[in-house]
Amino acid sequence: MKTIHTEKAPAAVGPYSQAIYTSGTVYLSGQIAIDPAAGKIVTTTIEEQAEQCCRNIEAVLAAADTDMEHVVKTTCFLADIADFKAFNEVYAKHFVSKPARSCVAVKDLPAGALCEIEAIAIR
């Protein structure tokens, strides 16, 4: 098992890793819209936050020597299911290989985030 870490994505804010690589698979922790340079969420719309989530995932995948084309499964969390359509528009631009996915609305997300995306990729 190998821990994956990059400064190009937000640091873990608890006892977990950005990702773990094992047996040809990369398991990414959920990414919210924290701007790694600012260390906090700096955007306010679902589109902007979804975009930052995807950029964070891309950075972690790059550190794990893989990319968005190799994502096989995502789990998406929305603070408001009414954001589903707008979220999907951004998501579709990044996850062009159309991995398997679950998407659910939740009561709250860390740091007041509007969305969170976790992923599993192959390498």
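Along the sequence shown, residues are numbered consecutively beginning with 1. Everything quoted here is computed from the prediction, not taken from an experiment. Computed over heavy atoms, backbone and side chain alike; hydrogens, waters and symmetry mates excluded.
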(message) Pair K93, C54 - check side-chain contact (heavy atoms from CB on, under 4.5 Å), show working.
(response) CA-CA 10 Å; K93 290 189 308 185; C54 291; over 6 Å; no
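- Between T22 and K2 the shortest side-chain heavy-atom distance does not fall below 4.5 Å.
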(request) Apply the test side-chain contact (heavy atoms from CB on, under 4.5 Å) to residues R101 and C76: give CA-CA distance (whole Å), side-chain angles for both, the deciding distance (0.1 Å), then the verdict. (result) CA-CA 7 Å; R101 180 181 95 170; C76 306; 3.7 Å; yes
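- In terms of heavy atoms, A79 sits closest to A113 at CB-O, 3.8 Å.
- Atom OG1 of T45 sits about 10.0 Å away from atom CD of E51, to the nearest 0.5 Å.
- In this structure the side chain of T3 reaches within 4.5 angstrom of the side chain of I20, judged on heavy atoms.
- Cluster membership check: I32 does not share its hydrophobic cluster with L114, using side-chain heavy-atom separations under 4.5 Å among Ile, Leu, Val, Met, Phe, Trp and Tyr.
- Put simply, L78 and V90 are part of two different groups of oily side chains (I, L, V, M, F, W, Y) that touch within less than 4.5 Å, one to the next.
- Within the 4.5 Å cutoff, side-chain heavy atoms of Q31 are placed close to those of P10.
- With E118 as the fixed residue, the side-chain contact (heavy atoms from CB on, under 4.5 Å) test singles out one of I57, T75, T74: T75.
- Residues P110 and E116 are in side-chain contact: their nearest non-hydrogen atoms beyond the backbone lie under 4.5 Å apart.
- Under the 4.5 Å side-chain contact rule for hydrophobic residues, L28 and F87 share a cluster.
- M68 and I122 fall into different hydrophobic clusters, where Ile, Leu, Val, Met, Phe, Trp and Tyr side chains are chained together by heavy-atom contacts under 4.5 Å.
- Between the side chains of T66 and Y21, no donor-acceptor pair is found at a separation under 3.5 Å.
- From Y27, atom OH reaches atom OG of S17 across 14.0 Å, with rounding to the nearest 0.5 Å.
- Distance check, rounded to the nearest 0.5 Å: NE2 of H70 to CD1 of I120 gives 15.5 Å.
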(message) side-chain contact (heavy atoms from CB on, under 4.5 Å), that's the test. Do F77 and I117 meet it? Break it down for me.
(response) CA-CA 6 Å; F77 305 93; I117 305 170; over 6 Å; no
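- Checked by atom type and distance alone, the side chain of T6 pairs as donor or acceptor with a backbone atom of K8 at under 3.5 Å.
- Side-chain N or O atoms of E48 include one that pairs as donor or acceptor with a backbone N or O of T44 at under 3.5 Å.
- Other residues, nucleotides and ligands contribute at most 12 non-hydrogen atoms within 6.0 Å of the NZ atom of K40.
- Taken to the nearest 0.5 Å, the CD1 atom of I41 stands 6.5 Å off from the OG1 atom of T43.
- Distance check, rounded to the nearest 0.5 Å: CD of E47 to SG of C115 gives 9.5 Å.
- Side-chain contact between E58 and H94 is present, with heavy atoms from C-beta onward closer than 4.5 Å.
- The hydrophobic clustering, which links ILVMFWY residues whose side-chain heavy atoms are closer than 4.5 Å, places I34 and I46 apart.
- Using a distance-only test at 3.5 Å, with no hydrogens or angles considered, a donor-acceptor pair links the side chain of R123 to the main chain of A64.
- K98 NZ to Y91 OH: the interatomic distance, rounded to the nearest 0.5 Å, is 11.0 Å.
- Across all non-hydrogen atoms, the minimal contact from E69 to S97 is O-OG, 3.8 Å.
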